[in-house]
Amino acid sequence: MPELPEVESVRCYLTADGSSILNQTIKDILIHRKSVVDGEPALLNAVLIGDQITAVERHGKYLFFRTTGGQTLAMHLRMTGRCLVTALDQPPASHARLTIVFSHCQLHFIDPRAFGRVWLVESPEVVIRSLGPDGLSVDGASFMAGLARRSDSSMIKPVLLDQSFVAGIGNIYADESLYRAGIHPERRLFSLSACERERLFHAVSDVLTEAVLRKGANIDGVFEAGHFPVAVYGRGGEPCFTCGSQIEKIKVAQRGTHFCRTCQPPQLANAQKKR
């Protein structure tokens, strides 16, 4: 579930006064479940103990912990991952998969479904080079160029979910952006006018920016601090806030998709490709 806004809220939490893990010496790394580590678990201790975290960065849904030793610890929260900073004398929280013990606090990687991963890379660029521009900073020209590189017959919802197009958008914010832009999730790229493409870019930018300010969305209680008000996602069968029509739920590219048929009408242009 964690998408760009939720991961950004984690990054801000880890560097905020009172919970900052920056510039503290790593004393120990406790791996409570080996499957959380991609690669050799023992390597984390061998490489990172004695180092300090100099920065916590984010690109898309990935977190990167830069260290004084030159290595970077990469983290992906996947479905239910989150981070918790506690005092040294506090035991690991339930579902903690990995604990990094610093000089003055502990960082727990908590993941009830155990899908999240951490691994060592030489630099964030090793991961970022396979991703598109970050959703929070992508500009209009890059967004339009990314659309132009896709097949005209592609449906817009799967394009938004493609991390090589724009990094950080998942199911929640794809649905919310399409709703705000008034575009049906099954529209084909060839049917989108220049005006609609421009509208979609601004919708993506605005939705992500607002969600970051509200610390993400609290879906199923995973991110309790989040209070972004979803308009369509997870609201199948409920009335649309704009027109009162019933929010529908369908599957698009095997993903549950929520939309308002009145505010996001299908287009006849999908029936035949423009000549």
Side-chain angles (χ1 to χ4, degrees), residues 1-7 35 38 59-62 76-82 111-117 127 130-135 138 143 146-192 196-197 200-201 203-204 207-208 211 216-223 226 228 230-238 240 245-267 269-273:
M1 173 263 171
E3 300 178 25
L4 185 157
E6 291 76 34
V7 179
S35 62
D38 281 354
H59 188 94
K61 304 177 188 180
Y62 291 84
H76 198 297
L77 303 176
R78 298 286 175 88
M79 292 292 291
T80 57
R82 62 190 182 94
D111 186 11
R113 297 188 66 179
F115 291 150
R117 292 290 182 271
V127 178
S130 66
L131 304 175
D134 184 75
V138 61
F143 189 91
L147 289 179
R149 288 194 294 269
R150 267 64 189 176
S151 168
D152 278 352
S153 62
S154 299
M155 285 190 291
I156 186 57
K157 169 78 181 276
V159 170
L160 290 179
L161 295 177
D162 183 352
Q163 299 303 292
S164 68
F165 169 56
V166 173
I169 303 173
N171 219 26
I172 299 172
Y173 298 106
D175 283 0
E176 294 298 308
S177 298
L178 288 168
Y179 171 75
R180 192 168 297 195
I183 296 173
H184 192 284
E186 292 182 311
R187 291 278 300 277
R188 306 282 174 171
L189 290 187
F190 68 77
S191 76
L192 296 179
E196 287 176 315
R197 294 177 183 226
L200 179 59
F201 164 69
V204 167
V207 164
L208 291 178
N218 183 11
I219 305 297
D220 299 327
V222 175
F223 275 81
F228 176 77
V230 293
V232 289
Y233 182 83
R235 298 189 62 244
E238 298 180 31
C240 171
S245 299
Q246 182 174 289
I247 300 298
E248 299 183 33
K249 181 180 180 180
I250 59 175
K251 277 198 172 182
V252 177
Q254 306 305 311
R255 303 295 297 274
T257 299
H258 302 80
F259 69 102
C260 172
R261 187 173 295 273
T262 302
C263 296
Q264 301 166 260
Q267 297 293 309
N270 272 348
Q272 58 179 15
K273 187 171 181 178

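Keep in mind that this is a model prediction, so the values were computed, not measured.
Distance check, rounded to the nearest 0.5 Å: CZ of R188 to OG of S154 gives 8.0 Å. Here CG of L189 is found 6.0 Å from CG of L147. Values are rounded to the nearest 0.5 Å. Note that CG of L208 is 5.5 Å distant from OG of S177, once rounded to the nearest 0.5 Å. Rounded to the nearest 0.5 Å, atoms CG (D134) and OH (Y62) are 12.5 Å apart. Note: T257 OG1 to I250 CD1 = 6.0 Å, rounded to the nearest 0.5 Å. Summarising the geometry, atom CE belonging to M155 is positioned 6.0 Å from atom CD belonging to E186; distances are rounded to the nearest 0.5 Å.
In terms of heavy atoms, D38 sits closest to R117 at OD1-CD, 3.1 Å. Across all non-hydrogen atoms, the minimal contact from Y179 to A231 is CE2-CB, 3.5 Å. Contact between I247 and C260 at its shortest, heavy atoms only, is CD1-CB, 3.9 Å. The minimum heavy-atom distance linking G132 with A167 is given by the pair O-CB, 3.7 Å. When all heavy atoms are compared, the tightest approach of Q264 to P185 is NE2-CD, 4.1 Å. Between R78 and F115, the shortest heavy-atom distance links the atoms CG-O, 3.0 Å.
Taking D162 as the reference, R150, S164 meet the side-chain hydrogen bond (donor to acceptor under 3.5 Å, both in side chains) condition, with sequence neighbours excluded. Under the ring-ring contact (aromatic ring centres under 6.0 Å, His included) criterion, Y173 pairs with F228, sequence neighbours left out.
Residues S245 and R261 are not in side-chain contact: their nearest non-hydrogen atoms beyond the backbone lie 4.5 Å or more apart. Between L160 and V166, the closest side-chain pair of non-hydrogen atoms is not below 4.5 Å. D111 places none of its side-chain heavy atoms less than 4.5 Å from the side chain of L77. Side chains of D175 and K157 form a contact here, defined as non-hydrogen atoms less than 4.5 Å apart. Using a 4.5 Å heavy-atom threshold, the side chains of E176 and V232 count as touching. The side-chain heavy atoms of H59 and V127, taken from C-beta on, include no pair separated by under 4.5 Å.
In terms of modelled atom types and a separation under 3.5 Å, the side chain of E6 and the main chain of G216 share no donor-acceptor contact. Side-chain atoms of Q163 come within 3.5 Å of backbone atoms of G168 as a donor-acceptor pair (strictly under, hydrogens ignored).
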